[in-house]
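No hydrogens, no waters, no symmetry mates; every other heavy atom, side chains included, goes into these values. By convention in this document, chain letters (A, B, ...) are assigned in the order of the sequence lines, proteins followed by strands, and residues within each chain are numbered from 1.
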There are 2 protein chains.
Amino acid sequence: MAAKRSGAQGKRSQPGELPEAVPEPRGEPPLSLERIVATAVELLDAQGVDGLTMRRLADRLGSGVMSLYWHVDSKEDVFDLALDSVLEYGGPPQACEPQDWREEVVGVLEDWRASMLRHPWSASLLPRRALGPNILGRLELLSKTLSGAGVADADLNVAIWSLWNHVMGSTVTRASFELSDDDRAAAQQRLARRSERYPTIERSRLLLDSDWDGTFRKGLDFLLDGLAPRG
Amino acid sequence: MAAKRSGAQGKRSQPGELPEAVPEPRGEPPLSLERIVATAVELLDAQGVDGLTMRRLADRLGSGVMSLYWHVDSKEDVFDLALDSVLEYGGPPQACEPQDWREEVVGVLEDWRASMLRHPWSASLLPRRALGPNILGRLELLSKTLSGAGVADADLNVAIWSLWNHVMGSTVTRASFELSDDDRAAAQQRLARRSERYPTIERSRLLLDSDWDGTFRKGLDFLLDGLAPRG
DNA sequence: TGGTTGACTCGTACATCGTACCATACGATG
DNA sequence: CATCGTATGGTACGATGTACGAGTCAACCA
């Protein structure tokens with residue numbers, strides 16, 4: 001529905017030069033998709049998924065609630081756009097071609113994971129259909145790198161999904177268990193109270209002392225070992 | 001809050017034998033946590049996450065809405081209980097000790113994945129804190145199996161989380177992309193329209209022809225290769 | 001016997017949400 | 001001036017989660 005969502009131009013005036021306060025009365029730049037999405041991300045960072053409300057979003061933007069709906073179809077739309085916007089890819093730090101394809105893949109995936117951990121709400125938004133241009137771009141980049149590294153076309157999809165699953169799984173897991181210290185303490189108490197039922201995970205302090213970064217790196221290495229061309 | 005959530009007894013009467021319709025007037029067995037959770041799972045299966053409403057749940061149970069709140073603290077509570085209840089573990093099919101630790105691990109994890117895929121909403125509930133007794137039980141079982149297989153204590157947490165991440169990641173991914181055929185067609189169209197931007201993933205038909213089960217199995221094998229004791 | 005208590009049920013009410021509908025304003029174009 | 005597309009936003013509606021408190025009923029004690 002809706003024939004809206006046109007080019008979404010940011011500014012509009014390039015004609016004459018009016019020294020008076022015509023372009024921006026200061027305080028309320030005009031609404032735009034970009035501004036809406038950026039503010040939504042701010043709100044999500046500050047208040048979490050449940051904290052994002054169309055009314056609160058409009059307040060932060062200094063606009064009426066219904067004005068948002070000219071730029072956006074629904075709240076779901078805002079979620080999709082926010083998720084994708086957070087996954088914009090800066091590209092590799094140095095422009096030169098890296099020596100090792102493996103290093104490049106690791107870099108791409110670690111940046112991916114870091115982007116999502118920077119915005120913990122993104123993990124809980126994942127299970128919805130999420131195929132914005134930035135996500136697709138990252139998939140394409142990963143795909144191209146693997147292909148260039150010599151992974152056979154027949155194995156390409158398996159490789160991509162395995163790596164994607166690893167990133168998503170570890171992000172979701174970490175976001176779930178990195179909540180508040182109170183929650184963690186409560187979980188530990190619950191666990192200790194029934195320690196006779198869960199002796200092994202209690203002994204290994206699974207929920208307390210886990211090294212998320214190390215686990216991610218190690219699991220990734222194992223996957224890459226298996227996926228490597230000419231195993 | 002709330003000192004409720006007592007023993008939650010199912011029946012109440014074991015005194016005399018009244019042949020009249022005293023125990024169940026047929027049609028409305030008394031409310032109980034078990035019945036609430038079971039009905040919530042039904043509703044989630046039928047209508048998805050957004051379909052679960054306290055009012056709808058009460059309707060299905062033939063009770064008033066607020067009656068639910070005597071057994072349950074909040075709607076979040078219902079979600080937590082439903083998620084955990086779906087992950088009850090039946091145990092290995094045959095009682096005998098399996099010959100191979102690896103086979104046992106694979107069995108545990110495939111059953112785990114299958115349980116979640118049977119209730120697709122469970123994937124989208126995951127990113128919340130989710131540590132019910134059944135999930136903990138599965139973690140404990142996995143942990144014990146790995147430990148018994150000779151995985152060193154120092155590597156145990158890494159192994160558990162890597163495998164957990166693999167299950168969760170592939171479940172979330174599959175649930176995201178196995179939506180409706182319409183959605184898939186729309187995504188494909190969007191992709192084709194910009195095929196010049198995503199040539200590799202379009203050529204590999206990443207979004208269309210993926211073998212989810214095979215990917216899961218292959219990734220799992222790679223992880224187990226890496227995690228195997230005495231590599 | 002009658003009163004009290006605690007487990008359990010539920011109708012009403014309220015704040016808050018997403019958003020449909022409609023009135024408005026404004027710059028550009030006829 | 002009339003018209004139109006772009007853009008804004010006030011009001012209102014239906015749905016939601018749940019606080020509150022009144023209700024029922026069995027069991028127990030006086």
Exam field: side chain B:S74 to backbone B:D77, donor-acceptor pair closer than 3.5 Å | yes
Out of D:dT18, D:dA12, C:dT9, minimum distance to the side chain of B:K75 belongs to D:dT18
When you measure from the side chain of A:S67 to the backbone N and O of A:S63, does any donor-acceptor pair fall under 3.5 Å?
-> no
A:M54 has its side chain closest, among C:dT19, D:dT16, D:dT18, to C:dT19
Can you pull the side chain to side chain donor-acceptor pair (under 3.5 Å) pairs that have at least one residue in residues 112-125 of chain B, sequence neighbours excluded?
-> B:D45-B:H119, B:D45-B:W121, B:R113-B:D213
Please report, rounded to the nearest Å, how far the P atom of C:dC21 is from the CG atom of A:L68.
-> 18 Å
Verdict with supporting geometry, B:L57 and B:L52, side chain to side chain contact (heavy atoms under 4.5 Å, CB included) | CA-CA 7 Å; B:L57 186 52; B:L52 177 56; 4.2 Å; yes
Quickly work out the A:D59 CG to C:dT16 C1' distance and round it to whole Å.
-> 13 Å
Using a cut-off of strictly less than 4.0 Å between a heavy atom of the residue and any atom of DNA chain C, enumerate the qualifying residues of residues 45-53 of chain B by number.
-> none
Phosphate-side-chain proximity, B:H71 and C:dT9, N/O vs OP1/OP2 below 4.0 Å = yes
Among C:dC21, D:dG17, D:dT6, the nucleotide that comes nearest once only the side chain of A:W70 is considered | D:dT6
Taking for A:M66 and for B:R56 the nucleotide of DNA chain D with the nearest heavy atom, the one nearer the 5' end belongs to A:M66
For atom OH of A:Y69 and atom P of D:dT11, their distance in whole Å = 18 Å
Pairing annotation in dot-bracket form, given for DNA chain C with Watson-Crick or G-U pairs under 3.5 Å and | for cross-strand partners = .|||||||||||||||||||||||||||||
Check the distance between C:dC8's P and B:L61's CG and give it to me in whole angstrom.
-> 16 Å
Between D:dT18, D:dA12, D:dG9, spot the one nearest the side chain of A:R55, thanks.
-> D:dA12
Counting distance only, does the side-chain N/O of B:R197 pair as donor-acceptor with the main-chain N or O of A:G137 below 3.5 Å?
-> no
Exam field: side chain A:D84 to backbone A:I135, donor-acceptor pair closer than 3.5 Å | yes
Counting distance only, does the side-chain N/O of B:R174 pair as donor-acceptor with the main-chain N or O of B:G169 below 3.5 Å?
-> no
Do any side-chain nitrogens or oxygens of A:S67 fall under 4.0 Å of OP1 or OP2 in D:dG9?
-> yes
Does CD in A:Q47 sit with more than 12 non-hydrogen atoms of other residues, nucleotides or ligands closer than 6.0 Å?
-> yes
Hey, are A:R60 and A:E42 close enough for a salt bridge, meaning a charged N less than 4.0 Å from a carboxylate O?
-> yes
In whole angstroms, how far is the P atom of D:dT24 from the CG atom of B:L31?
-> 18 Å
Return the value, rounded to whole Å, for the distance between atom CD1 of B:I36 and atom C1' of C:dT9.
-> 12 Å
